[in-house]
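What follows is one structure encoded as structure tokens, with my remarks underneath.
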Protein chains: 2
Amino acid sequence: METRSSFLPVYYRLAEDIKNKIESGELKPGDMLPSTAQLAKKYGVSHMTVRQGVSLLVNEGYIESIQGKGSFVTNPPMDKLLLNFSEENLLGSNKKIQIKLLELNIVPADEKISRKLAVKKNAKILKMKRVLSRTEGPVALDSRFLPYVKGLPLLEKEIAYAAFPDLVASHTELFSVRNKLEVSASILSKEEAELLDTKVGMPALCIEQIIYTSKKRPIGWSKMICRADRFTLTAASHPL
Amino acid sequence: METRSSFLPVYYRLAEDIKNKIESGELKPGDMLPSTAQLAKKYGVSHMTVRQGVSLLVNEGYIESIQGKGSFVTNPPMDKLLLNFSEENLLGSNKKIQIKLLELNIVPADEKISRKLAVKKNAKILKMKRVLSRTEGPVALDSRFLPYVKGLPLLEKEIAYAAFPDLVASHTELFSVRNKLEVSASILSKEEAELLDTKVGMPALCIEQIIYTSKKRPIGWSKMICRADRFTLTAASHPL
DNA sequence: CAGTGGTCTAGACCACCCT
DNA sequence: GGGTGGTCTAGACCACTGG
């Protein structure tokens with residue numbers, strides 16, 4: 001008749017148990033867990049089930065297991081942070097997003113582009129330039145470059161609204177991929193300031209994105225200039 | 001006499017096998033994997049071993065498993081990025097790092113600090129201010145604030161050189177767990193420019209860090225102003 | 001219903017570390 | 001050696017999906 005507290009898997013409860021002991025301070029970083037055999041006995045489950053639970057904690061970064069020695073509580077690395085970067089995120093989840101396409105061209109690769117995209121100089125490059133706005137006004141100015149592939153028409157809607165990685169994937173017909181971000185700061189030029197409806201000399205976050213194929217070939221480059229007064233990047237340590 | 005290509009676990013080879021099929025395009029995002037039973041038969045291993053291999057791919061973000069339906073190739077999310085932020089990283093791995101402690105004080109919490117650290121106004125706050133330099137000169141100016149705990153002396157060496165999360169943990173004797181970052185851009189003030197050996201009006205990356213206990217209580221706040229011409233943040237999508 | 005992934009077992013064996 | 005984690009099995013049962 002007792003209402004069981006767990007409709008959850010055993011290995012999961014075991015993991016929660018240990019996690020609680022860590023967060024309450026009963027187990028401190030560096031401490032060794034009971035051996036799998038001991039835990040198996042204590043919880044009345046099999047060796048494999050214990051391992052499944054402990055593995056979960058290893059994946060979550062709470063525990064480090066060392067063969068032949070034991071499993072130890074780690075002090076979770078706080079210098080590894082998860083950064084969420086997408087346009088929805090940037091502009092808020094509202095539908096009050098305005099995107100204006102300023103330019104859409106095929107241009108020859110100049111020095112810088114050919115370096116960034118690892119293509120020959122004067123190779124055909126699809127270039128687009130957009131202004132992203134929220135209700136209160138312009139937030140970011142975005143320039144995107146990708147190798148032009150003939151016979152792959154893109155709808156203007158798609159060009160304007162697709163997230164960069166998706167756009168790159170759809171234009172190049174290559175799958176999956178790596179995304180590398182570089183974040184810097186700059187000061188708005190006259191042209192940038194006008195497009196972003198503010199004054200020259202204001203500070204801006206400058207976010208460069210390079211999209212790679214599975215084997216290191218760059219297939220897309222994007223540079224985003226964000227008004228610092230209207231946008232900040234956030235990141236948080238680990239999943240926990 | 002044949003040299004076996006695998007001194008690696010079976011589940012690992014199985015995972016690599018599938019991974020290769022994904023990266024070569026043989027398996028596309030959305031495709032369903034063979035069922036665990038089929039894979040078990042094909043590779044001549046047990047159900048559990050197959051699951052171990054597939055789970056690995058799930059953890060790495062290649063596969064999504066749905067109970068009752070199947071396991072499917074995902075198009076890996078490119079908006080989730082891993083950011084590495086530490087002072088070694090910031091200043092390069094060299095030992096040519098110079099850290100100068102400009103200020104070390106106990107100050108009463110002002111409006112802003114009391115908000116950031118969720119303490120009462122005028123609570124005692126340990127404040128320190130540092131300049132971080134590489135060989136070519138100053139890179140960043142760093143201000144750190146944490147609630148003062150009496151009877152916890154800190155060595156000056158420690159104060160100057162410890163990573164912020166470590167410092168916070170050691171001063172509060174709490175196991176800090178969460179680290180939240182906020183990245184913005186600003187323009188150097190006269191004072192900042194002097195300390196960083198450059199001119200007023202230069203752009204700077206502005207990185208705020210807040211350290212939390214396991215249950216959301218803020219126990220440390222740091223604000224770092226980085227010369228944009230000497231430092232950029234980088235992040236990359238997922239593990240792969 | 002049959003087919004899928006998810007959990008769990010009881011036991012075997014291996015690889016590694018320490019003493 | 002004895003203790004640790006890591007791999008693997010053969011089979012049982014459950015939970016969920018879909019026709």
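Because the structure is predicted, anything quoted here is derived from the model rather than measured. Each chain gets a letter, A, B and so on, in the order its sequence line appears, and its residues count up from 1.
Here dA10(D) presents its P atom at 14 Å from CE of Met48(A), a figure rounded to the nearest Å. Rounded to an integer number of Å, the gap from Leu14(B) CG to dT9(D) C1' is 15 Å. Remark: C1' of dC16(D) and NZ of Lys69(B) are 11 Å apart, rounded to the nearest angstrom. Whole-Å rounding puts the Phe72(B) CZ to dG18(D) C1' distance at 12 Å. In this structure, CD of Gln38(A) is placed 10 Å from C1' of dG3(D), rounded to the nearest angstrom. Nucleotide dG3(C) holds its P atom 19 Å from the CG atom of Leu33(B), rounded to whole Å. Straight-line distance from the CD atom of Gln52(B) to the P atom of dG5(D): 16 Å, rounded to whole Å. One interatomic measurement links the two molecules: CG of Leu8(B) to P of dG6(D), which rounds to 16 Å at whole-angstrom precision.
Residue Thr36(A) places no side-chain N or O under 4.0 Å from the OP1 or OP2 atom of dG6(D). The side chain of Thr49(B) places no N or O atom within less than 4.0 Å of a non-bridging phosphate oxygen (OP1 or OP2) of dC8(D). For dG5(C), the OP1/OP2 oxygens have no side-chain nitrogen or oxygen of Arg51(B) closer than 4.0 Å. Side-chain nitrogen and oxygen atoms of Ser71(A) include at least one within less than 4.0 Å of the OP1 or OP2 phosphate oxygen of dG5(D).
Here dT4(D) is the nucleotide among dT4(D), dT4(C), dT9(C) with the atom lying nearest to any side-chain atom of Met32(A). Among the nucleotides dT7(C), dG6(C), dT4(D), the one closest to any side-chain atom of Ser65(B) is dG6(C). Among dG6(C), dG5(D), dT9(C), the nucleotide with an atom closest to any side-chain atom of Gln67(A) is dG5(D).
Asn84(A) has its side chain within reach of Lys80(B): a pair of non-hydrogen atoms, C-beta onward, lies under 4.5 Å apart.
For the atom pair CG (Leu14(A)) and NZ (Lys19(A)), the distance works out to 11.5 Å, reported to the nearest 0.5 Å. From Leu39(A), atom CG reaches atom CD1 of Ile18(A) across 5.5 Å, with rounding to the nearest 0.5 Å.
Residue-level contact check: Val54(A) touches neither bases nor backbone, having no heavy atom under 4.0 Å from any strand.
Remark on DNA chain C: of its neighbouring residues Tyr11(A) and Ile66(A), the 5'-side contact belongs to Tyr11(A), judged by nearest-heavy-atom nucleotide. With DNA chain D read from its 5' end, the first of the two nearest nucleotides for His47(A) and Gly68(A) is the one closest to Gly68(A).
Taking both residues in full, the closest heavy atoms of Asn179(B) and Gln209(B) are given as ND2-OE1, 3.0 Å, listed atom of the first, atom of the second, then distance.
Between the side chain of Arg134(A) and the backbone N or O of Arg230(A) there is at least one donor-acceptor pair closer than 3.5 Å.
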